[in-house]
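We name chains A, B, ... by the order of the sequence lines, and we start the count at 1 in each one. Both backbone and side-chain heavy atoms feed into the values below; hydrogens, waters and symmetry mates do not.
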Amino acid sequence: MTQFGKGCHLHLIDGSAFIFRAYHALPPLTRKSDGLPIGAVSGFCNMLQKYVEDSSGPDAPTHVAVIFDKGSHTFRNDLYDLYKANREAMPEDLRPQIPLTRTATLAFNIACKELEGYEADDIIATLTCQAREAGGRVTIISSDKDLMQLVGDGVEMLDAMKNKRIDRDGVFEKFGVFPERVVDVQALAGDSVDNVPGAPGIGIKTAALLINDFGSLEELLDRAGEIKQPKRRQTLIEKREQIELSKRLVQLDCETPLDFSLDDLEVRDPDPEVLLGFLTEMEFRTLTKRVADKFGKDAPVLPEAAPAAAGAEAGAAPEMPAIDPAGYAWVKTAEELAPWIAEAQQRGWVAVDTETTGLNEMACDLVGISLCITPGKACYIPLAHRAVATDDLFGSDELAEGQMPMQDALDLLKPLLEDPAVMKIGQNMKYDAKIFARYGIGITPIDDTMLMSYAMHGGLHGHGMDTLSERYLSHTPIPIKSLLGSGKNQITFDRVPVEDAVKYAAEDADITLRLWTIFKPQLHQVHVTRVYEGLERPLVPVLAEMEMTGVQVDRDTLSRMSNAFSQKMAQLEAEIHDLAGESFNVGSPKQLGEILFDKMGLEGGKKGKTGAYATGADVLEDLATEHELPARVLDWRQLSKLKSTYTDALQEHINKETGRVHTSYVIAGANTGRLASTDPNLQNIPVRSEEGRRIREAFVAPEGKTIVSLDYSQIELRILAHMAGIDALKEAFREGQDIHAMTASEMFNVPMEEMTPEIRRQAKAINFGVIYGISGFGLARNLRIPRGEAQAFIDRYFERFPGIKTYMDETVAFAKEHKRVETLFGRIIHTPEISASGPRAGFAKRAAINAPIQGTAADIIRRAMVRMPGAIAEIPAKMLLQVHDELIFEVDQGAEDDLIAAARSVMEGAAEPVVKLDVPLVVDAGRGKSWAEAH
DNA sequence: CCTGTCACG
DNA sequence: GACGTACGTGACAGGG
């Protein structure tokens with residue numbers, strides 16, 4: 001045994017932090033065989049495994065221990081009975097998992113230490129002091145700021161989450177003092193999480209200032225009389241005892257009586273039998289396999305789960321072979337393709353993936369197709385790969401060897417892809433469906449693993465294939481960059497050698513199929529089958545159709561506007577330079593800030609975290625009342641935005657073949673269930689300003705057609721009225737009243753006849769604020785009124801509509817209990833951050849309040865869109881665009897009334913029959929030759 | 001690649 | 001005068 005000393009490196013892992021992070025990061029998983037809650041243990045083991053993998057190499061620890069808290073009563077409670085009194089009770093499903101995390105640690109053969117009556121922090125402190133005295137190094141793996149007292153002199157912290165090391169400078173950044181004085185700052189600032197009182201009204205910033213001025217807390221308290229600010233002086237004198245108590249509470253104990261020594265913590269290799277035994281007992285399929293692979297052993301056989309219950313544990317795949325390119329075939333001929341088609345037909349499903357020359361489905365070509373029916377066994381059918389030329393840099397235009405004619409392959413595949421009895425499985429099927437559509441194939445029926453994940457895991461993580469593969473298959477797919485390169489040397493997929501393409505493309509189909517086998521049975525368990533089958537999957541063909549149709553955009557209109565903007569901008573720029581007395585880049589916020597606040601010396605310059613002055617519109621608007629220059633800059637910025645983002649960029653997006661603009665909707669992008677529009681984004685075409693609105697004049701109907709726009713009136717407020725059950729609001733909506741005026745009348749006791757636009761405006765801001773999870777600060781900023789006044793408005797609002805407050809509180813409570821919120825249609829939005837501390841808690845809370853409202857509205861318009869094609873089938877009209885609460889159509893002249901009647905009926909009735917709203921949904925309609933006229 | 005800014009619902 | 005704050009998006013320009 002080596003004696004701990006110089007050259008040794010001790011790792012101390014904050015076990016409780018690991019547990020809580022694991023618990024909050026994962027859905028509530030249970031062990032399949034007996035339903036034992038196991039999510040936190042699973043996450044804990046994954047984190048330990050990752051730690052073990054990451055901590056090899058030259059900087060590897062020689063000694064390591066995981067330290068836990070034990071018991072709820074510590075010596076600090078004897079000092080102060082309210083210590084940690086406001087901690088929430090441990091969740092019911094976490095409690096039984098705690099002992100298992102000890103077992104897990106031991107199974108990894110890592111020392112596992114705890115001590116009754118002491119917090120983990122104290123044990124960590126004691127060990128750190130011992131190690132430091134012995135001349136060794138220490139890394140504390142935790143993000144707990146209390147432990148920052150220990151940093152320095154060979155001791156560092158490692159935030160495993162952010163993979164960020166924290167040294168003395170890092171501590172200074174956080175606390176404004178070096179580690180020796182962190183206790184002093186904490187004693188003053190207190191800690192709301194641990195219920196350490198501190199000095200009221202003093203936070204970390206002020207505390208650091210004081211400590212740096214006086215040198216130490218004791219010095220500060222002795223000489224408190226010298227402090228200039230009367231309030232602060234009084235606090236420090238009056239609360240001296242409380243501050244001293246706080247210091248004793250935050251001071252870590254380096255004298256914890258330990259019954260073991262550093263030498264007992266020496267790193268040991270795990271015993272494969274023990275570790276695999278434990279993992280198998282927990283029924284962690286993926287991790288068991290991964291660890292078994294590491295040891296070069298076969299994974300122990302797990303009890304076979306019934307297919308319907310498969311995957312109750314994260315990543316719990318049904319038995320599947322390893323992902324291995326050896327199982328991937330290169331299909332070269334029709335004869336080789338035939339058995340794949342036959343097997344798909346016989347099994348009733350096939351995973352399909354297309355490879356193309358680019359990401360724009362409307363302007364790229366098919367290069368190959370991959371298929372997979374059984375995990376581990378997949379094929380790639382190359383169709384348009386170019387021969388790799390040896391003599392020139394640009395490659396050849398010749399087709400590569402070993403490919404069947406594209407049309408032959410498509411002719412063979414078409415019956416399969418259109419066979420109603422064979423499920424086609426894809427990842428982001430809208431993409432493949434659009435490609436196939438261009439080759440005359442209407443792929444149906446489909447399942448989409450991206451959308452399955454979105455329905456089940458919305459809010460937890462992204463739903464791209466790489467994310468899903470890593471999370472649920474513990475496998476990193478071959479990066480496309482490894483084939484295509486990046487930057488200007490990037491090649492297109494048809495230039496990839498077929499041998500490489502087979503491995504990549506077949507793997508994609510294999511992964512997709514594996515994800516499907518895991519997800520499919522889970523949809524039902526998580527109760528999102530209706531969401532997936534009613535709101536996500538059926539939207540794929542509808543959106544594909546809309547995107548392929550595109551919208552006509554008039555290039556000349558845009559081009560003329562661009563020129564006009566250029567001229568006006570040049571003029572403004574000259575004026576701005578004149579006013580500044582020098583030439584600079586108006587488009588650079590950095591340079592602008594320096595001109596405004598350094599050179600011109602204007603008041604109100606505030607630097608952000610990067611050290612640059614803020615020059616946002618709100619800042620400039622304040623300055624504009626006094627000065628010419630900021631006012632000009634605002635005008636310039638507006639034009640610059642319109643030109644670069646709209647009049648110029650939109651022209652680039654006009655498709656050469658169709659002459660129209662084809663956006664792409666992201667179905668699984670927004671947390672709330674909304675769509676997002678990209679390349680180009682047609683959901684943020686200007687409308688609020690007069691100049692901007694003119695951009696919409698360029699969105700036109702072709703000869704003989706009309707643009708029709710239908711939009712939901714106040715849909716989110718209506719949903720709020722329904723969900724929160726506010727009778728006054730419901731009544732107002734039923735009677736078709738002006739809802740903001742009614743709110744104003746109710747709040748400010750102004751009769752409706754005497755309503756002024758100003759009072760109504762304020763009420764409108766409050767109504768919107770409520771939807772966003774109102775705060776005094778936010779409302780104050782929006783209305784540009786003092787914060788106290790804004791808070792008074794809010795208090796008044798809650799007084800008049802107590803149901804709203806109840807709704808908000810109940811929604812947050814639900815989110816805290818279930819780590820998710822739901823829409824009226826059962827869409828789940830996970831809220832993993834809801835129990836976070838600090839500013840993130842506020843964010844999460846407001847997002848949780850907003851999500852059911854915004855999400856229900858999103859569900860409703862999705863339902864309308866899914867039904868729309870059937871409802872307007874007999875009308876010569878096409879749905880073109882969706883803008884969250886608005887649908888835009890193109891219709892033959894003369895059929896406008898029919899379309900409006902049919903579409904309005906679908907939209908107004910979209911919630912039914914699943915949800916019967918207590919308020920009517922009202923749809924406004926407009927028509928014209930352009931979007932500007934129709935809106 | 002990140003940040004600030006600004007366009008929309 | 002603890003902190004930082006309305007919700008949800010995407011695109012562009014500047015700057016490292």
Side-chain angles (χ1 to χ4, degrees), chain A residues 185-186 188-192 198-209 229 231-232 235 585-593 608-620 633-634 637-638 640-646 648-650 663-664 666 669-689 692-693 695-696 711-712 715-716 765-766 768-783 787 790 794 829 837-855 857-858 861 882-886:
Chain A
V185 167
Q186 285 183 294
L188 281 172
D191 185 335
S192 57
I202 294 183
I204 288 182
K205 287 265 164 71
T206 313
L209 211 75
Q229 300 86 339
K231 192 85 177 283
R232 202 175 281 175
T235 304
N585 185 348
V586 183
S588 162
K590 184 166 172 275
Q591 295 180 30
L592 175 65
K609 48 178 170 258
T610 55
Y613 289 109
T615 66
D618 49 345
V619 177
L620 297 189
V633 172
L634 281 168
R637 278 210 185 140
Q638 192 197 8
S640 162
K641 181 80 177 178
L642 293 177
K643 181 167 148 58
S644 67
T645 311
Y646 302 103
D648 287 352
L650 270 177
T663 184
S664 184
V666 187
N671 268 336
T672 51
R674 274 194 179 181
L675 300 177
S677 160
T678 63
D679 308 298
N681 181 354
L682 295 186
Q683 289 181 323
N684 71 346
I685 302 300
V687 70
R688 291 175 190 166
S689 79
R693 191 154 50 227
I695 308 267
R696 296 186 174 218
D711 69 287
Y712 284 109
I715 187 166
E716 293 191 357
I766 297 170
F768 276 108
V770 167
I771 292 171
Y772 297 149
I774 202 156
S775 79
F777 182 91
L779 184 66
R781 205 176 58 163
N782 190 286
L783 284 176
R787 195 169 154 177
I794 295 170
I829 296 132
S837 55
R840 281 162 24 161
F843 273 115
K845 236 166 94 171
R846 294 191 296 270
I849 291 166
N850 173 259
I853 303 168
Q854 190 182 112
I861 197 164
Q882 189 250 42
V883 191
H884 309 308
D885 63 356
E886 175 186 15

Look at [X] and [N] and indicate whether a side-chain polar atom (N or O) is within less than 4.0 Å of OP1 or OP2.
| X | N | value |
| --- | --- | --- |
| A:R674 | B:dG9 | no |
| A:T645 | B:dC6 | no |
| A:R232 | C:dG1 | no |
| A:S588 | C:dG15 | yes |
| A:N585 | C:dG14 | yes |
| A:Q882 | B:dG9 | no |

### Query
Counting any heavy atom closer than 4.0 Å, what does A:A189 reach on the DNA or RNA strands: base, sugar-phosphate only, or nothing?
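Counting heavy atoms under 4.0 Å across all strands, no contact is made by A:A189.
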### Query
Who does C:dG14 pair with, Watson-Crick or G-U, both distances under 3.5 Å?
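Across all strands, the one nucleotide that pairs with C:dG14 is B:dC2.
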### Query
Considering every strand shown, what is the Watson-Crick or G-U wobble mate of C:dA2 when both distances are under 3.5 Å?
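Per the H-bond distance test, none.
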### Query
With a 3.5 Å cut-off and just heavy-atom distances, do the side chain of A:R781 and the base of C:dG4 make a donor-acceptor pair?
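Result: no qualifying N/O pair found.
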### Query
Looking at C:dT5, does its base get a donor-acceptor pair with the side chain of A:R840 below 3.5 Å?
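For A:R840, whose side chain was compared with the base of C:dT5, there is no donor-acceptor pair (under 3.5 Å).
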#### Entry: Residue closer to the 5' end of DNA chain C, A:N671 versus A:F768 (nearest nucleotide)
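Here A:F768 is the residue nearer the 5' end.
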